[in-house]
Amino acid sequence: MKDSILVINCGSSSLKFAVLSNSGKNTLVEGIADRLGSPESSVTFKHEGSKNEISLADGNHNNAVTEIKKWLDKHPEIESSIVGIGHRVVHGGETFTESVLIDQNVIDGIRECAQFAPLHNPAHIKGIEVAFNLFPGLPQVAVFDTAFHQTLAPEQYLYPIPMNLYREHHFRKYGFHGTSYRYISQHLATIVKDSDKQGVLVAHLGNGASVCAINQGRSSDTSMGVTPLEGLMMGTRSGSLDPSMVTFICQAENISSDDALNILNTKSGLLGVSEISNDCRTLEEAMASGDLRAKLALDMFAARAAKFLASVSTTLDSIDHLVFTGGIGENSNYLRQTICNHLKALNINIDLTLNNNAPRGEVSNISSQNTNTNVWIIPTNEELMIALDTISLIQH
Ligand code: ADP
């Protein structure tokens with residue numbers, strides 16, 4: 001069947017890919033090219049239950065896609081079923097409000113948005129250009145993390161700074177994880193009729209973490225800002241803090257503002273506070289064996305996630321649903337419970353037995369009886385969303 005989509009997610013030093021068929025429901029092959037730009041780079045393919053790693057001499061985005069093409073050449077039944085390529089793109093600025101078929105204008109637009117995503121957008125362009133060279137006949141689609149949040153009202157997306165900074169430099173809240181929020185909103189509507197006419201809070205908690213309020217199917221506020229640094233405490237990012245801290249850190253440590261931002265992006269969050277790890281699972285194990293630093297980091301993460309959920313809920317008429325997703329949201333009973341403990345004033349209550357026994361990788365409702373808000377765990381699926389957008393755009 002000719003119905004498969006190659007989904008490509010180019011990071012600054014990694015490239016994830018998957019071939020999805022049957023309206024995105026089946027994964028024919030998936031994998032990751034890791035540590036691009038270093039001598040230890042490799043590509044791993046997962047296919048029919050087996051895993052195969054190929055090391056890449058001088059790995060970069062170009063030879064990672066070349067390796068994928070070589071693998072597909074050896075699996076012609078999969079290669080010949082591919083009808084389009086969907087790319088995840090981190091920053092679409094104010095230019096891209098929905099997914100688009102890629103042409104030279106779109107590539108130029110993605111390049112213009114690179115000022116706010118200097119590591120990601122150039123990597124996406126490399127991935128797109130290599131894919132055009134290696135798969136010349138296939139249409140390509142760009143799916144933007146920011147697009148879902150273009151529905152925010154100006155009082156939510158503007159920062160209270162001199163307006164010329166917005167007009168001349170486009171400094172405003174953009175928000176991220178939009179593809180995940182769109183998936184959750186649409187999936188919830190398949191479970192609860194009319195949820196797309198209600199108020200929904202979503203906590204996407206992974207190594208990167210944010211929250212979103214969805215009013216009648218449209219994003220009404222979100223926690224990340226001009227970059228993914230704003231908002232929640234994350235694996236290695238501080239999230240929101242007093243902006244004067246940047247200057248204070250520069251002066252105290254005698255470093256540049258870029259170095260200070262590097263600390264806030266890569267050495268803070270769960271890692272910075274625990275001084276152990278950015279990984280939630282590792283910290284939960286450390287907490288279970290009595291490590292108080294791990295517990296403090298996790299409890300701060302929960303307190304701040306709850307604070308931002310309450311904050312974005314001010315754009316809703318009612319909180320009918322709260323959804324947890326992402327690696328932490330889907331798997332950490334402790335953090336779901338601790339976050340909901342902070343939200344009792346909003347009448348959000350979960351059933352501890354349901355929370356502790358939620359089946360992995362499945363949708364479940366963990367609300368207690370005496371609550372107005374349904375609390376859900378819904379595994380996200382950004383690749384599926386990218387495949388569906390690609391199918392829909394190439395059919396027109
Ligand atoms: P990202 O896509 O932002 O890189 P993920 O959504 O994959 O991140 O989430 C990664 C996080 O999920 C890590 O902190 C990891 O420890 C956490 N996680 C995964 N499984 C579990 C688990 N069983 N219990 C607690 N945390 C988990």
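Just so you know, ligand 1 is whichever comes first in the structure, and atom 1 is the first atom listed for that ligand.
In this structure, Arg304 forms no cation-pi arrangement with Phe308, as its terminal cationic atom is not both closer than 6.0 Å to the ring centre and no more than 45° off the ring axis.
Of all protein heavy atoms, the one lying nearest to atom 17 (C) of ligand 1 is Ile328 CG1, 3.7 Å. At the top of the distance list for atom 22 (C) of ligand 1, counting protein heavy atoms only, stands Asn331 CB, 3.3 Å. In terms of protein heavy-atom proximity, atom 8 (O) of ligand 1 is nearest to Asn207 N, 3.1 Å. The protein heavy atom nearest to atom 16 (O) of ligand 1 is Asp279 OD1, 2.8 Å. Scanning the protein for heavy atoms near atom 14 (O) of ligand 1, the closest one is Cys280 N, 3.0 Å.
For a threshold of 3.5 Å applied to N or O pairs, the pair formed by His204 and ligand 1 contains no separation below that value. Looking at Arg281 next to ligand 1, an N or O pair under 3.5 Å apart turns up. At under 3.5 Å, not a single nitrogen or oxygen of Ser332, backbone or side chain, sits near a nitrogen or oxygen of ligand 1.
No side-chain N or O of Glu67 forms a donor-acceptor pair with one of Asn63 less than 3.5 Å apart. Checked by atom type, the side-chain pair Ser81/Ser4 shows a donor-acceptor distance below 3.5 Å.
Of the candidates Gly208, Ser277, Gly327, Ser210, the one placing a heavy atom closest to atom 12 (O) of ligand 1 is Gly327.
Using the six-membered ring where Trp is involved, Tyr166 and His170 have ring planes that are perpendicular, over 60° apart on the 30 and 60° scheme.
At a heavy-atom distance under 4.0 Å, only side-chain atoms of Arg360, from C-beta outward, approach ligand 1.
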Steps toward side-chain contact (heavy atoms from CB on, under 4.5 Å) verdict (Phe135, Gln140): CA-CA 10 Å; Phe135 302 92; Gln140 301 195 46; 5.9 Å; no

Arg336 vs Asn333, side-chain hydrogen bond (donor to acceptor under 3.5 Å, both in side chains): CA-CA, chis, key distance, verdict: CA-CA 5 Å; Arg336 284 194 305 262; Asn333 315 351; 3.2 Å; yes

Full working for side-chain contact (heavy atoms from CB on, under 4.5 Å) between Ile68 and Leu15: CA-CA 11 Å; Ile68 295 168; Leu15 185 156; 3.8 Å; yes

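Checking atom 2 (O) of ligand 1 against the protein gives no heavy-atom contact under 4.0 Å.
Between Tyr181 and His149, the ring centre distance stays below 6.0 Å.
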